[in-house]
Amino acid sequence: MFNQIKEIALKALLYEVAATPKPGLVDRNGNGAHKDMDYFTFMDSTISLQTYFEEIGLKIKEIYHNTDKVLLNATHVFDKIKLLGINAEFKMLHATKGVNTHKGAIYSLGLLVSAACEIELIYGLENVIALDRIDILTRRVSEYIFPNLASEFNHGGQYKNYGVKQFIELGLLGARGEAASGFYHAKAVGLPEFEKCIVSGMSLNDSLIHALLKIITVLEDSNVIGRSNQNILYQSQNKAIHVLELGGMQTAEGIKAMENYCKWCVCENISHGGSADMLVITIFLYLVKNNF
């Protein structure tokens, strides 16, 4: 089953980049607001990460070797898999010639893959009711991150990234806070919207776009703020709301508004990278829920 978890993780990454059109993000139409990456860069990056997900499964087996089949201390497990994520970043950057395509996804998706492998090893995912699967997985991720959230930020000055900078200046928790919450915006916003769209008969692509737009409307996206500011983020969120109000990908008015929104994001150099990461998590949760 570990192999199935790996395949779901890779599928989540591929589905996200394939979903089109996405405001400011790389998709099948183009590079969005990015000049250093394209659709094929994401293909290369995704392929480089398959060994990462395999290594997580192997590490979980190693951690639980000769132990009683009960969940171990979450911090202990997280400390063991953390180095795998760091190594995965190096592999990604080598594959993309230095371009950061999946750093956020390496962190977020790596945590979920680890949790899924633990639950598979201890209980068997197929033995857990579908709805409970999502709660158990996201709660386990929270257990990895929440106890050390404060210390990570307080000692984060050495890390030059949007998350630490925005915590210091704006008090925002970024990707770490999202993980500590059990991926609230994927679980409570993206997943219900995606499922609603699928049930209504919308295509997979359009359902993904609607889920992304819904996430954009509420997420304090550190990538947008880092590339611009909070005011631009709020303008972008209002545009996403407007697209959905017009019917999104289901109406001519919504599609036209989406085209204008995408053009605006390119002009303003906006890329909702944090929201894209939450879409990846949304897809992963949906597939775990429905594939065991």
Side-chain angles (χ1 to χ4, degrees), residues 4-19 22 25-26 42 45-46 49-50 52-53 56 78 81 85 88 92 101-120 125 130-146 149 162-163 173-198 204 207-224 271-292:
Q4 189 174 358
I5 294 168
K6 177 198 76 175
E7 290 176 358
I8 287 174
L10 293 172
K11 189 177 288 188
L13 293 171
L14 292 171
Y15 278 18
E16 183 280 320
V17 71
K22 295 195 298 290
L25 294 159
V26 172
F42 275 80
S45 180
T46 300
L49 295 180
Q50 60 181 330
Y52 170 48
F53 302 127
I56 291 175
F78 175 64
I81 65 169
M92 172 200 71
T101 46
H102 280 130
K103 184 173 182 178
I106 287 171
Y107 176 73
S108 299
L109 198 52
L111 293 171
L112 268 178
V113 168
S114 176
C117 288
E118 281 195 273
I119 302 307
E120 170 61 23
L125 283 164
L131 284 174
D132 291 344
R133 250 178 251 153
I134 303 304
D135 288 337
I136 290 171
L137 289 182
T138 53
R139 183 165 61 247
R140 186 60 172 169
V141 169
S142 180
E143 290 170 356
Y144 290 154
I145 304 302
F146 187 79
L149 187 63
Y162 290 150
L173 297 179
R176 291 180 182 85
E178 195 65 35
S181 76
F183 297 120
Y184 170 83
H185 288 95
K187 178 182 173 181
V189 180
L191 184 59
E193 181 70 14
F194 180 67
E195 290 180 322
K196 181 187 76 174
C197 292
I198 289 291
L204 174 59
S207 298
L208 290 170
I209 296 304
H210 276 238
L212 174 65
L213 288 170
K214 199 74 172 181
I215 292 168
I216 287 173
T217 65
V218 293
L219 183 69
E220 291 277 358
D221 197 313
S222 61
N223 200 55
V224 176
S271 175
H272 284 270
S275 298
D277 289 341
M278 287 306 101
L279 182 60
V280 170
I281 299 306
T282 294
I283 301 164
F284 183 89
L285 293 178
Y286 177 83
L287 293 176
V288 167
K289 181 179 177 181
N290 291 281
N291 277 272
F292 288 87

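Here CE of Met278 is found 9.5 Å from CG of Leu285. Values are rounded to the nearest 0.5 Å. To the nearest 0.5 angstrom, Thr138 atom OG1 is 12.0 Å from Leu111 atom CG. Distance check, rounded to the nearest 0.5 Å: CD1 of Ile106 to CG of Leu49 gives 5.0 Å. Taken from CG in Leu13 to CG in Asp277, the straight-line distance is 9.0 Å, to the nearest 0.5 Å. For the atom pair CZ of Arg139 and CD1 of Ile134, the computed distance is 12.0 Å after rounding to the nearest 0.5 Å. The OG atom of Ser275 sits 6.5 Å away from atom CD1 of Ile215, with the distance rounded to the nearest 0.5 Å.
Residue Lys11 places its NZ atom among 12 or fewer non-hydrogen atoms of other residues, nucleotides or ligands, all under 6.0 Å distant.
Between His102 and Phe42, the ring planes are perpendicular. Angles over 60° get that label, and only those under 30° would be called parallel.
Using a 4.5 Å cut-off on side-chain heavy atoms (C-beta onward), Lys187 and Asp135 make contact. The shortest side-chain heavy-atom distance between Ile5 and Phe53 does not fall under the 4.5 Å cut-off. Residues Gln4 and Glu120 form no side-chain contact, since every pair of their non-hydrogen atoms from C-beta on lies 4.5 Å or further apart. A heavy-atom distance below 4.5 Å is not found between the side chains of Phe183 and Thr282. Residues Leu25 and Leu212 are in side-chain contact: their nearest non-hydrogen atoms beyond the backbone lie under 4.5 Å apart. Residues Tyr15 and Leu204 are in side-chain contact: their nearest non-hydrogen atoms beyond the backbone lie under 4.5 Å apart. Taking 4.5 Å as the limit, every side-chain heavy atom of Phe194 sits out of range of all side-chain heavy atoms of Lys214.
Contact detail for Leu125 and Ala116: the closest heavy-atom pair is CD1-O, 3.9 Å. Pairing each heavy atom of Leu112 with each of Val141, the nearest pair is CD2-CG2, 3.8 Å. Across Glu16 and Ala276, no two heavy atoms sit closer than the pair OE2-CB, 3.5 Å. Looking at every heavy atom in both residues, Ser142 comes nearest to Gly182 through CB-N, 4.1 Å. Closest non-hydrogen pair, Ile56 versus Ser114, comes out as CG2-CA, 3.6 Å. Minimum interatomic distance between Met92 and Ser45 (heavy atoms only, all atoms of both residues): CG-OG, 3.3 Å.
With sequence neighbours left out, Arg133 forms a salt bridge (Lys or Arg N to Asp or Glu O under 4.0 Å) with no residue at all.
Between the side chain of Asn223 and the backbone N or O of Gly274 there is no donor-acceptor pair closer than 3.5 Å. Listed for the Ser108 side chain is no donor-acceptor partner under 3.5 Å among the backbone atoms of Ala105. The backbone N or O of Leu219 sits nowhere less than 3.5 Å from a side-chain atom of Glu178 that would complete a donor-acceptor pair. A distance-only check finds no donor-acceptor pair linking the side chain of Tyr144 to the backbone of Ala179 [under 3.5 Å]. One N or O on the side chain of Lys22 and one on the backbone of Val26 form a donor-acceptor pair closer than 3.5 Å.
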Trace of the side-chain contact (heavy atoms from CB on, under 4.5 Å) decision for Val113 with Phe284: CA-CA 9 Å; Val113 168; Phe284 183 89; 4.1 Å; yes
